[in-house]
Amino acid sequence: MIVSRLSKQGKYKVTVEIDGSYAFFLYQKDLKKLMLQEGDEISYKLVEEIHQLILFPRAKNKALSLLQCRSYTKKDMEQKLMRTGYPGAIIAQVMDFLNEYHFLNDEAYVRSYIEIQGQRKSRLQMQQELQMKGISKGLFCQIWEEQPEDKEEMTLRQQLEKRIRAKGPVTSENFQKYYAFFMRKGYHSSMILSLLKEYKNV
């Protein structure tokens, strides 16, 4: 195998291509220590040493540092490490470590998400956003069943009252605008209509 290209990224980071394909990134101090230059032959053994002695510890520390700031779903963490530039094999190894020691917990993430976002978003909105983060519909529904039955209606009521304060009371003239607004947010049609009729008569 040949180190076909070294490309400087920013002040310290260097991407390494082997046999014409992206392999990993290192820092300039790593390259000096390894004495790697473009055109050098690189063995499978050295690549494995780079993976285990440099990239894995660095990626693991990166993941733990991220988790100190906020929670991540498993998919979010994988994508974050991928965007940083770590190879797939290293990401898989880090994910195994995080899962083994319970640093990632999708169930806890969903509960926290519903508790915080459920104060201003519909069930459908949250479900769709969480699916984009790698949370299955089944897991979301399972945890949603733990919520009070009237949770979504209470949220819609709060959002409707807030909009009434900003836009004025519900009238025959703006009824459809109110209805369309909350439909776009993913609330159920019958729930919207019921509350709009209630507030229209106030």
Side-chain angles (χ1 to χ4, degrees), residues 59-86 88 91-92 94-202:
K60 182 175 70 173
N61 289 337
K62 173 70 174 178
L64 294 174
S65 175
L66 290 169
L67 288 167
Q68 286 181 343
C69 300
R70 69 174 181 87
S71 298
Y72 283 79
T73 64
K74 294 174 183 178
K75 182 178 178 180
D76 274 345
M77 181 59 74
E78 286 179 340
Q79 291 180 335
K80 186 72 174 179
L81 294 174
M82 192 179 301
R83 286 194 294 269
T84 304
Y86 289 104
I91 294 173
V94 171
M95 295 303 294
D96 286 344
F97 166 80
L98 296 175
N99 289 325
E100 181 180 356
Y101 291 97
H102 308 291
F103 284 106
L104 295 176
N105 186 324
D106 280 357
E107 288 188 22
Y109 185 95
V110 174
R111 287 190 177 91
S112 175
Y113 192 91
I114 290 174
E115 181 179 349
I116 297 170
Q117 300 297 331
Q119 299 175 32
R120 61 187 185 87
K121 294 182 179 180
S122 68
R123 170 181 174 167
L124 181 60
Q125 241 183 328
M126 289 188 289
Q127 180 184 313
Q128 290 174 338
E129 289 175 0
L130 285 169
Q131 281 182 302
M132 292 176 65
K133 293 176 175 290
I135 301 297
S136 69
K137 180 180 178 181
L139 177 58
F140 175 83
C141 291
Q142 172 191 328
I143 294 173
W144 180 261
E145 288 176 1
E146 301 171 3
Q147 307 302 312
E149 288 186 10
D150 61 348
K151 179 176 179 63
E152 188 172 29
E153 183 180 336
M154 289 173 60
T155 300
L156 176 56
R157 187 180 292 275
Q158 291 168 359
Q159 293 299 304
L160 176 55
E161 290 176 353
K162 180 179 178 182
R163 190 157 183 84
I164 287 172
R165 289 194 296 271
K167 299 293 184 179
V170 180
T171 64
S172 299
E173 289 74 20
N174 64 21
F175 192 95
Q176 284 300 322
K177 286 185 178 180
Y178 269 99
Y179 175 78
F181 177 82
F182 288 107
M183 279 294 291
R184 288 195 297 272
K185 287 187 169 292
Y187 291 98
H188 196 276
S189 174
S190 60
M191 188 187 299
I192 300 170
L193 289 171
S194 175
L195 284 178
L196 285 178
K197 288 174 183 177
E198 177 185 331
Y199 280 83
K200 182 174 179 289
N201 296 326
V202 172

Partners meeting ring pair (Phe, Tyr, Trp, His ring centres under 6.0 Å) with F181 (sequence neighbours left out) = none
Measuring from M126:CE to Q117:CD, what's the distance to the nearest 0.5 Å?
-> 8.0 Å
About how many Å separate CG of L67 and CE of M77, when rounded to the nearest 0.5 Å?
-> 3.5 Å
Of all heavy-atom pairs linking L160 and L196, the shortest is CD1-CD2, 3.8 Å
So CD of Q119 and CE of M154: to nearest 0.5 Å the spacing works out to 10.0 Å
Counting only heavy atoms not in K151, do more than 12 fall under 6.0 Å of its NZ?
-> yes
Any residue meeting salt bridge (Lys or Arg N to Asp or Glu O under 4.0 Å) with R120, in chain and number order, not counting sequence neighbours | none
Closest non-hydrogen atoms of A63 and L98, given as atom of the first, atom of the second and distance, are CB-CD1, 3.9 Å
For S189, what residues pass the side-chain contact (heavy atoms from CB on, under 4.5 Å) criterion, not counting sequence neighbours?
-> Y179, M183, L193
What residues form a side-chain hydrogen bond (donor to acceptor under 3.5 Å, both in side chains) with E146, not counting sequence neighbours?
-> R111
What closest approach, in Å, do N174 and P169 show between heavy atoms, and which atom pair accounts for it?
-> ND2-O, 2.9 Å
CD (E78) and CE (M95) are apart, to the nearest 0.5 Å, by 4.5 Å
How far does OG of S194 sit from OH of Y199, to the nearest 0.5 angstrom?
-> 10.5 Å
Validation row: S172, K200 side chains within 4.5 angstrom (heavy atoms) = yes
Residue pairs meeting salt bridge (Lys or Arg N to Asp or Glu O under 4.0 Å), one or both in residues 153-165, sequence neighbours left out, come to E153-R157, R157-E198
Flag the pair V94 / F103 as yes when at least one side-chain heavy-atom distance between them is below 4.5 Å, and no otherwise.
-> no
Do the non-hydrogen side-chain atoms of Y187 and Q159 ever get within less than 4.5 Å of each other?
-> yes
What's the verdict on side-chain contact (heavy atoms from CB on, under 4.5 Å) for M191 and F182, showing C-alpha distance, side-chain angles and the deciding distance?
-> CA-CA 10 Å; M191 188 187 299; F182 288 107; over 6 Å; no
Which heavy atom in Y72 sits nearest to a heavy atom in Y109, and how many Å separate them?
-> C-CD1, 3.8 Å
side-chain contact (heavy atoms from CB on, under 4.5 Å) evaluation trace for N99 with L104 = CA-CA 6 Å; N99 289 325; L104 295 176; 4.1 Å; yes
Table please: side-chain donor-acceptor pairs of residues 128-144 below 3.5 Å, with sequence neighbours left out.
from, atom 1, to, atom 2, distance (Å)
E129, OE1, Y113, OH, 2.3
E129, OE1, K121, NZ, 2.9
E129, OE2, K121, NZ, 3.2
K133, NZ, D76, OD2, 3.3
S136, OG, L139, N, 3.1

What distance separates N61 CG from L66 CG, expressed to the nearest 0.5 Å?
-> 11.0 Å
